[in-house]
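The next block holds one structure in the form of structure tokens; read it before the comments.
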Amino acid sequence: MNTETEFVDFKMGAVETYLEQMDKSLDCDATNLYKEKFLKYICLATENNIFYVKSECRAQMKKSVTYNVEESIDCDGSIFESQCECSAGMGPNAHCKHVCCVLIALYYCSSNGEIVTEETCTQRLQTFHKSKRFKGSPIKACDLLISAARASNVNFDPRQRATHNTSNYQDYFRNICLNHKYDSTLPIVQLYPPAQIYGAVTDHDYFEFHTEDKWLSENCISTITDEEISKIESFTSGQAKNSRWKEERCK
Ligand SMILES: [Zn+2]
């Protein structure tokens, strides 16, 4: 039985009328059983305009013990018969707290469509793998308990002693930076002046073509084919509105 189950308009009056026959009235025991989720489930079947209810309710003192509760309710919402497995629940007119608990559940389900039953192990999503929010404040460096004598001995350099001030370290570091994949975007690169272009060209004189000539021909400045001309024409349509046009124009 859940929110979408079709059921009669079940009134609290029907429960009271049923219990009156046995000189009983609803007590807080049954209400507490319901509110504290002692009810496991409710199954509902209907035949010949009679609703048959089957349910399981845990015993109040021994949570490992469950009692089967069965009830029949006719189509105008009055209770026909009921029985329970507990010692006080002999049918056909049982009125033990388990029967009352199921009746209360039926009443709530009929009036507001909600039913409170025992939680299954997967009902609440697991949370143990989710990190909890850290609410504390990290200790400030000035509050660290380091005595003046010890503070002077603290070594803040992460490098090992043997690697301090090695020869040619400056050049080694500069090479690492300049040869890095993202060389032009690394902030450290701003500390190094640009290369002497004429010097670089004369240094690399072992190439078949001069480095400058190679650059000019690769950028279609010194030589250009008809195919490349028509390609550039189509890429740069729109002229000033086209960013590629400016790039080509700068050449
Ligand atoms: Zn019972």
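Both counts, for ligands and for their atoms, begin at 1 and track the order of listing. Residue numbers count from 1 along this sequence.
Counting heavy atoms from C-beta on, the side chains of Lys241 and Trp245 never come closer than 4.5 Å. Counting only heavy atoms from C-beta outward, the side chains of Glu81 and Glu71 never approach each other to under 4.5 Å.
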Step by step, work out the salt bridge (Lys or Arg N to Asp or Glu O under 4.0 Å) result for Glu20 and Lys24.
CA-CA 5 Å; Glu20 261 170 29; Lys24 271 263 302 185; over 6 Å; no
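For the Zn ion (ligand 1), protein N/O/S neighbours under 2.8 Å (waters excluded) are Cys84 SG, Cys86 SG, Cys96 SG, His98 ND1.
Counting heavy-atom neighbours within 6.0 Å of Met90 CE, excluding the residue itself, gives a total of 12 or less.
Relative ring orientation between Phe10 and Phe7 is described as tilted, the plane-to-plane angle lying within the 30° to 60° band.
The residues Lys251 and Glu248 are annotated as salt-bridged, a charged nitrogen and a carboxylate oxygen being separated by less than 4.0 angstrom.
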